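So the structure is just underneath, and the comments pick up after that.
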Amino acid sequence: MAIGDRPLNAYSDRLSVRPGETIRFHVSCDGPDAYEARLVRLICADDDPRGAPFQAEAVASPLDGRHPGAARAIHAGSHAVVPASPAWRFGRGFTLQALAMPTTPGKGRQGIVGTWSESAHTGVSLVVGDDGAAGLVAGDGAASVWITAGAPMAARAWYRLAACVDAANGTVTLIQEPLAGGRRVERTADLPLDPAACEGPLLMAAWRRDDGGGRHAGCFNGRLEAPRVASRALDAAEVALAEADPGADAVRDTIVAAWDFAQDIPGDTVTDVSGNGRHGALAHLPQRGVRGARWSGREMCWRHAPGDYGAIHFHDDDVYDAGWEPSHAWTAPEGARSAIYALHLTAGDAEEFAPFAVVPPRGERRAGLCFLMPTATYMAYANSGRHFRDDAVEMKRFRATVMTPSDCFLRAHPEYGLSTYDRHSDGSGVSLSSRLRPILNMRPRGRVWGLVADTHITAWLEHEGFAYDVVTDEELHAEGAAALDGYAAVVTGTHPEYHTAGMLDALRSYLGRGGRMIYTGANGFYWRIAYRPGSPGAIECRKTEGGTRSWVSEAGESWMSFTGEYGGLWRRCGRTPQALAGVGFTAQGFDRSSFYRRTEASRDPRAAFIFEGIDDEIVGDFGLVGGGAAGLELDRADVALGTPRHALVVARSEDHGAGMLVALEELTSNQPVADGDHPLARADMTFFEIDGGGAVFSTGSIAFAGALPVNGFDNNVARLMRNVVRRFLDPEPFEGYDASRPPARPAA
């Protein structure tokens, strides 16, 4: 099998399931005529021979066995669909118009609004032509004709576009008018055929393909606003009037449909304000809450001036739901163990996993310990290609960053969608992500990041014999603190970076009632996200002011369309990671990992349990990721940012390489960093008690868990972790600290 080939791909309709609930799997088998399936409990997803062995335990299920294969395709590209109607017959002439800001006008033919069918050669559509100019395509049922305005449009400029067909004269007038000033193009040409009547659906930002294999084509890159359909040929003045006021006397009786994208910005409906009720639905989650052609700059939030945000940004590589038919369904049996599972597929040398979690029944606790699976972060990174799309950040020394065969496949198959770390094909940042598609970097035997890294923790828990339940971010968001109440302690993943307000509220509430949290990673509780009500499996993240990020939201676009909440860093929203976990993101580097050195505070009696049986001054000078336990991304304690004053920094990393760089939000000007020796480039291992008997222990490093499996889990990192988990499961309250007496070593 060649590098980058993936005959098997799969996804599930959910990432967690309770006993008695059903999860469905969608499989594409491209090439082999059949595949083998089985269900496994995924204990360790890493196959690094230096660490814990890869471990997937078979679980008997009705899914086991050989199944016929069928290839499935993903039809990417966001667009809007308005149902079929006799109104689209356009017998007496017509006008199709919209405001448009094309972002890739030179990329080829793209649909704007209309009913044209590529395969049936019927209907008409306003389009971007091969030459990058506005045009019309029309079909008579046997062939289609393309007519162009003849003047290429500039990328990222707003235009008033219209195709006005006069049936009596057999002509079309194309209008292409730049809104920021410049030469208006108005061209009248013969229409050499009579468009075939078409009552099929009308599409915006694409056109129809009725060949049985696809549903749309010709996807538009850019922003559209105020699409209109009229039942006669309008002149230039009437086109402008219909755009501004479709209810005006001069055009009202001719308006077939007039869509106002400023309405229902959080939803997936495009609303017809003509009174004719020709509403449509959006497909593949285009970006809403973006500046329109009339954006004034007086308001920066779409909720305050929705008319300024009457545009939708469509992309030819948007994907929400791959739309494959279900291949298998599994109902989790009563009594099913809470753990990480996967549907495991094989066909010859090809292998695929579709991971998910079985969570305990609502309100039931089967263990004292809860592993909080950071599925929102998995979604944010879903199919991330930043490491191979941007040569400036390609780093090969870490297994966390080296290019994989799956990356090769994604490079050849952009229809599998992007992550919030990528840019769309038109250069705009990706603010929306979905799990209803194969997520190839959420797979065993892959990059040591996300799921693979998190199973270093679950493998260690299994090795130590600690019973645990798994709860995912989706339960945390939907159920709040009720998803955690009753657990003695919660263990996070290595990189719980993305959270909704409800998720942070739940963690704060749980800890406030005496809960205990072991934060095993870094760069956690960092970006604010939103889930979309009514669209399961989708998240939104706006990369606003501040933060270490791969793209930046445009001016006026910092508020999320799903909920209207301000996006960006939780730190910018006044909820710092330090205030929750004692530490927060401070530096990242991918050249090598380092170690921790114990501090004076580690001798404080309050921290004695952490280092029980550990005489070493150096902790974690080994690890599967970069050679140490302190690396990749680091968190530090800082009282000024919310670290409790009584917190103990019991160990601190040192000796980082030149590749360890301070996070951008920490800098107010450019600063050199010599050989990684910057006071902010450090991981602070931190402990503090909470009123009510609870406590928090934070490692401050993503690479920390990668040290657990070294030497068969026999090392000082594993011993330290064992001490912490045992004490956090002990019902004896953490009573503490004397607030009147400073700790042996202040947090920072």
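As the structure is a computational prediction, the values presented were derived from the model and not from experiment.
Residues Gln263 and Thr269 fail the side-chain proximity criterion, which asks for heavy atoms closer than 4.5 Å. The shortest distance between side-chain heavy atoms of Phe220 and Val113 does not fall below 4.5 Å. Taking 4.5 Å as the limit, every side-chain heavy atom of Thr173 sits out of range of all side-chain heavy atoms of Asp166. Residues Phe90 and Val165 form no side-chain contact, since every pair of their non-hydrogen atoms from C-beta on lies 4.5 Å or further apart. With contacts defined as side-chain heavy-atom distances shorter than 4.5 Å, the pair Leu234/Arg228 does not qualify. The closest side-chain heavy-atom distance from Tyr378 to His495 is not below 4.5 Å. For the pair Val185/Leu174, no side-chain contact is recorded, criterion being any heavy-atom separation below 4.5 Å from C-beta on. Contact check for Val124 versus Phe94: side-chain heavy atoms found under the 4.5 Å cut-off.
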Side chain to side chain contact (heavy atoms under 4.5 Å, CB included) assessment of Trp527 paired with Thr420: CA-CA 11 Å; Trp527 289 111; Thr420 62; over 6 Å; no
Going through the checks in order, is the side chain to side chain contact (heavy atoms under 4.5 Å, CB included) test met by Val229 and Arg278? CA-CA 11 Å; Val229 176; Arg278 297 187 174 105; over 6 Å; no
Would you sort out whether Phe261 and Arg288 count as a side chain to side chain contact (heavy atoms under 4.5 Å, CB included), showing the intermediate values? CA-CA 8 Å; Phe261 293 165; Arg288 306 193 73 171; 4.3 Å; yes
Working for side chain to side chain contact (heavy atoms under 4.5 Å, CB included), residues Arg215 and Val81: CA-CA 11 Å; Arg215 292 162 289 184; Val81 181; over 6 Å; no
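In Asp194, the CG atom is not crowded: 12 or fewer heavy atoms of neighbouring residues, nucleotides or ligands sit closer than 6.0 Å. Other residues, nucleotides and ligands contribute more than 12 heavy atoms inside 6.0 Å of the CZ atom of Arg575.
Arg223 approaches Ala311 most closely through the heavy-atom pair CB-CB, 4.3 Å. For the pair Val127 and Gly111, the tightest heavy-atom approach, listed with the atom from each and the gap, is CG1-CA, 4.2 Å. Scanning all heavy atoms of the two residues, the minimum distance from Arg437 to Ala382 falls at NH2-CB, 3.4 Å. Minimum heavy-atom separation, Ala236 to Arg184: CB-NH1, 3.5 Å. Minimum interatomic distance between Tyr498 and Cys541 (heavy atoms only, all atoms of both residues): CE2-SG, 3.8 Å. In terms of heavy-atom proximity, Ile539 sits nearest to Phe562 at C-CE2, 3.8 Å.
Under a 3.5 Å cut-off, the side chain of Arg532 and the backbone N or O of Gly267 do form a donor-acceptor pair. With hydrogens and angles disregarded, a donor-acceptor distance shorter than 3.5 Å links the side chain of Arg208 to the backbone of Thr115. For Glu557 (side chain) and Arg291 (main-chain N/O), a donor-acceptor pair under 3.5 Å exists by modelled atom type. No donor-acceptor distance shorter than 3.5 angstrom exists from the side chain of Glu540 to the backbone of Gly567, with no hydrogens or angles considered. Listed for the Asp272 side chain is a donor-acceptor partner under 3.5 Å among the backbone atoms of Ala258. Judged purely by atom type and a 3.5 angstrom limit, Gln110 uses its side chain to pair as donor or acceptor with the backbone of Gly108. At least one donor-acceptor pair closer than 3.5 Å links the side chain of Asn383 to the backbone N or O of Pro438. Side-chain atoms of His313 do not come within 3.5 Å of backbone N or O of Leu224 as any donor-acceptor pair. Thr548 contributes a side-chain N or O that, together with a main-chain N or O of Leu664, makes up a donor-acceptor pair within less than 3.5 Å. In terms of modelled atom types and a separation under 3.5 Å, the side chain of His284 and the main chain of Tyr320 share a donor-acceptor contact.
Ionic pairing of Arg294 and Glu243 is present here: one or more N-O contacts between side-chain nitrogen and carboxylate oxygen are shorter than 4.0 angstrom. Between Arg571 and Glu666 a salt bridge is recorded (basic side-chain N to carboxylate O distance below 4.0 Å). A salt bridge between Arg109 and Glu118 is absent, with no side-chain N of the basic residue lying under 4.0 Å from a carboxylate O of the acidic one.
In this structure, Arg542 CZ and Ser558 OG are separated by 8.0 Å, a value rounded to the nearest 0.5 Å. Distance check, rounded to the nearest 0.5 Å: CG of Leu569 to CZ of Phe585 gives 10.0 Å. Distance check: Arg303 CZ to Trp559 CH2 gives 7.5 Å after rounding to the nearest 0.5 Å. Expressed to the nearest 0.5 Å, how far CE of Met442 lies from OG of Ser406 amounts to 13.5 Å. In this structure, the separation between CG on Leu96 and CG on Leu126 is 6.0 Å, given to the nearest 0.5 Å. In this structure, the separation between CG on Leu203 and SG on Cys219 is 9.0 Å, given to the nearest 0.5 Å.
Side-chain atoms of Asn276 and Ser274 include a donor-acceptor pair closer than 3.5 Å. Side-chain contact, Tyr526 with Glu665: a donor N or O sits under 3.5 Å from an acceptor N or O. Remark: the Thr271 side chain and the Asp264 side chain contain no N/O donor-acceptor pair separated by less than 3.5 Å. In the model, Ser425 has a side-chain atom that pairs as donor or acceptor with a side-chain atom of Asn221 under 3.5 Å. Judged purely by distance below 3.5 Å, without hydrogens or angles, the side chains of Thr254 and Ser231 never pair a donor atom with an acceptor atom. No hydrogens or angles considered: nothing links the side chains of Gln97 and Thr95 as a donor-acceptor pair under 3.5 Å.
Taking the six-membered ring wherever Trp is involved, the centroid distance between the rings of Tyr421 and Tyr381 falls below 6.0 Å. The distance between the ring centers of Trp207 and Trp116 falls below 6.0 angstrom.
The side-chain contact (heavy atoms from CB on, under 4.5 Å) test with Ser431 singles out one residue from Lys543, Gln287, Met560, and that residue is Gln287. With Arg160 as reference, Glu177 is the one residue of Glu177, Glu186, Glu225 to meet the salt bridge (charged side-chain N to carboxylate O under 4.0 Å, His left out) rule.
Between His315 and His424, the two ring planes are parallel [angle under 30°; tilted spans 30° to 60°]. Ring geometry for Trp449 versus Phe590: interplanar angle of 30 to 60°, hence tilted.
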